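All remarks here apply to the structure that follows.
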Number of protein chains: 2
Amino acid sequence: MAKRAERRGDPIRLIGLLWRPNVSAGRSGLTPKLITDAAIGVADAEGLDAITLRRVAQELGVSAMALYPYIAGRPELIELMLDAVTSEVYATLERPAQKADWPDRVRHIAQANWEHCFRHPWTVDVKAGRPMPGPGVSQKYEIELAGLDGIGLSDLEMEYTLTSLLAMVYALAREEIELERSRAQTEQSDEDWWNEVAPLLTSAMSEYEFPLAGRVGSALGEATGRSADPQGALRHATEVTISGLAALIKDR
Amino acid sequence: MAKRAERRGDPIRLIGLLWRPNVSAGRSGLTPKLITDAAIGVADAEGLDAITLRRVAQELGVSAMALYPYIAGRPELIELMLDAVTSEVYATLERPAQKADWPDRVRHIAQANWEHCFRHPWTVDVKAGRPMPGPGVSQKYEIELAGLDGIGLSDLEMEYTLTSLLAMVYALAREEIELERSRAQTEQSDEDWWNEVAPLLTSAMSEYEFPLAGRVGSALGEATGRSADPQGALRHATEVTISGLAALIKDR
DNA sequence: ACCTGAACACCGTTCAAGT
DNA sequence: ACCTGAACACCGTTCAAGT
């Protein structure tokens, strides 16, 4: 009935599942947590498209329909997966507030989230904007706010700074991950591939002129050897942000 | 055979389709451009999930299979749609370079892209990171670089600044759009909905404490009346970025 | 009470068959 | 040369039936 990816999660069911994931083991021994962990394993290895209820159920040795009482449906399962991995961002890392300098804290937040995206690349494919916080997301938010607290920003500025910084990290990580995926799909090296495509593209573009794009593209290519560099953009933007925040804070 | 959303577009075919979209009308009168425009109409009205070859074909009065010779497949069609709408970002707007002050140019780029996301909300659902530029994307890149040229940034800094700014705009627009969608799905007002959910959430969270998140959330709620404010985050981040760039440029 | 098999209404894409 | 119908191998989800 409901087409894939169309239905949204039921927020009321989600609250219980997010915050009490260990309840109600049936005779198969299933729990929301067990199912979630199995699904994360599948997604880490095979991507978000591999998350079908049939596939996850197979991993657990039950039928797809056996999962429904525990995780409500596919959208809810993905929310559970996201919250679970979010809880691990700072599990093996210093917390931002432990850094002495506040600029290092900002860098650390960006870096920790960047790395996390690459540990679980499927997370960048999930539609954003879930309004229902789970324990993982809430804890991470608390930890990151602590890194921005007391440096001279208002509460509202802290929230805006964190939200915009994380949005930028996710979007650039997404681009970097997509670049890796296209690369992985092609057998050829970057250079070989480009040598094949470039003449076609040049002739297709022959009616147009993009002087600035050409100049800037060359500069990027010379500096990085790549045609796009999301990671470099993040590094640059993080420093610009720190510099802008410093100006904002200066006379407080 | 290929599961939905799994196959990637064929880059070689794409080049021709992107740069010469008017060729090869058969006896049905189809062209890549006609198909693309019909698909954009469907996506604007019904979202990206409504883009099935059967649905687009129906719009044009042909069978789904008739589209294949013109657009290669679903992934390629979506690339064509993206490039087509990208060409319209500055169609009815000033170009950034026409603004006298460079900070206004940066604001204008952010604003133009933000608004564009809301004109075609499905664009934020498309996976990012396409390495094959079409005419629309290339022209927009050229126009936006012109807004950053000559203000004291190096070519590499211009590219990083633009890439990171656009990444942030997309990600925050995506969050805002998702918030609107959840809102549209519920019959209740924001306040009613929250009044229903809040007690459940509070009791679920009772074992945990998030003092900073609570304080900052309250500040956000008081200032904006909302539980999340991506647009406000963008406004803040744009000003911080401008301030940071000003510091970078100052003594050049 | 819990689990399952069959069924429903979809997908993108291929390919032989029709015009 | 161009278009189409049937087929393939999938989806998420429901629900009656089994244990």
Side-chain angles (χ1 to χ4, degrees), chain A residues 1-10 13-14 17 23-32 34-36 38-39 42-43 46-81 122 125-127, chain B residues 1-10 13-14 17 23-32 34-36 38-39 42-43 46-81 122 125-127:
Chain A
M1 180 156 251
K3 268 195 312 194
R4 175 162 184 174
E6 221 172 52
R7 195 174 67 79
R8 307 183 79 82
D10 173 355
R13 289 273 327 254
L14 252 182
L17 293 171
V23 292
S24 74
R27 68 172 175 248
S28 62
L30 289 178
T31 60
L34 269 174
I35 298 171
T36 302
V42 172
E46 301 170 39
L48 193 63
D49 286 335
I51 296 297
T52 67
L53 295 187
R54 285 167 172 87
R55 178 80 182 76
V56 174
Q58 179 198 336
E59 209 72 15
L60 293 159
V62 295
S63 74
M65 312 68 158
L67 304 181
Y68 276 86
Y70 299 97
I71 50 101
R74 188 178 187 268
E76 291 86 351
L77 173 58
I78 290 174
E79 297 296 313
L80 295 174
M81 293 165 65
W122 53 272
D125 298 320
V126 179
K127 286 205 182 135
Chain B
M1 180 157 250
K3 267 195 314 190
R4 178 164 183 171
E6 219 171 55
R7 195 174 66 80
R8 307 182 81 82
D10 172 356
R13 290 272 329 249
L14 251 182
L17 293 170
V23 292
S24 73
R27 68 173 177 249
S28 62
L30 289 177
T31 61
L34 268 173
I35 298 171
T36 303
V42 172
E46 302 170 38
L48 192 65
D49 287 334
I51 297 297
T52 67
L53 296 188
R54 284 165 173 89
R55 177 81 183 74
V56 174
Q58 180 198 337
E59 210 72 15
L60 293 160
V62 296
S63 75
M65 313 69 160
L67 304 181
Y68 275 87
Y70 300 96
I71 50 99
R74 187 177 189 268
E76 290 86 351
L77 174 58
I78 290 174
E79 297 296 313
L80 294 174
M81 294 167 62
W122 53 272
D125 298 321
V126 179
K127 286 206 184 135

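Keep in mind that what you see is a predicted model, and the values were worked out from it rather than measured. Naming convention: chains lettered A, B, ... in sequence-line order (proteins, then strands); numbering from 1 in each chain.
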| query | Taking the side chain as C-beta and beyond, is there a heavy-atom pair between A:Ile35 and A:Leu80 under 4.5 Å? | reply | no
| task | Send over the distance from A:Glu46 CD to D:dC10 C1', rounded to a whole Å. | result | 15 Å
| What is the distance from CD1 of B:Ile71 to P of D:dC3, rounded to the nearest Å? | 13 Å
| query | Distance check: side-chain N/O of A:Tyr68 vs OP1/OP2 of D:dT14, anything under 4.0 Å? | reply | no
| remark: As its Watson-Crick or G-U partner within any shown strand, both distances under 3.5 Å, D:dA16 has C:dT4
| said: With nearest nucleotide decided by heavy atoms, which residue, A:Arg54 or A:Val62, maps closer to the 5′ end of DNA chain C? | reply: A:Val62
| note | Among the nucleotides C:dG12, D:dT13, C:dG5, whichever has the atom closest to the side chain of A:Met65 is C:dG5
| task | Counting Watson-Crick and G-U wobble pairs only, both distances under 3.5 Å, name the nucleotide matched with C:dA9, or none. | result | none
| What nucleotide, of C:dC11, C:dC3, D:dT13, holds the atom closest to the side chain of A:Tyr70? | C:dC3
| Atom-pair distance (CG on B:Leu60; P on D:dT4), nearest Å | 11 Å
| Taking CG from B:Leu53 and P from C:dT13, how many angstroms apart are they, rounded to a whole number? | 6 Å
| task | Specify the separation, in whole Å, of atom CG of A:Leu67 and atom C1' of D:dC15. | result | 17 Å
| query | With respect to the side chain of A:Pro75, which nucleotide from D:dC11, C:dT14, D:dT13 is positioned closest? | reply | D:dT13
| field | Spatial distance of atom CE (A:Met81) from atom CG (A:Leu48) [nearest 0.5 Å] | value | 6.5 Å
| When the distance from CD1 of A:Ile51 to P of D:dG12 is rounded to whole Å, what number comes out? | 10 Å
| Looking only at heavy atoms, what is the nearest atom pair of B:Gly29 and B:Leu34, with distance? | O-CD1, 3.2 Å
| field | Taking every non-hydrogen atom, the tightest pair across A:Ile51 and A:Ala39 | value | CD1-O, 3.2 Å
| task | Nearest whole angstrom, please: distance from the C1' of D:dC11 to the CD1 of A:Ile78. | result | 13 Å
| said: If I take atom CG in residue B:Leu77 and atom P in nucleotide C:dT13, what distance separates them, rounded to the nearest angstrom? | reply: 10 Å
| query | What nucleotide, of C:dG12, D:dT4, D:dG12, holds the atom closest to the side chain of B:Ser63? | reply | D:dT4
| message | Counting only side-chain heavy atoms from C-beta out, which of D:dC11, D:dT4, C:dT4 sits nearest to B:Ala66? | response | D:dT4
| Side chains of A:Leu53 and A:Ile71: does their closest heavy-atom pair fall under 4.5 Å? | yes
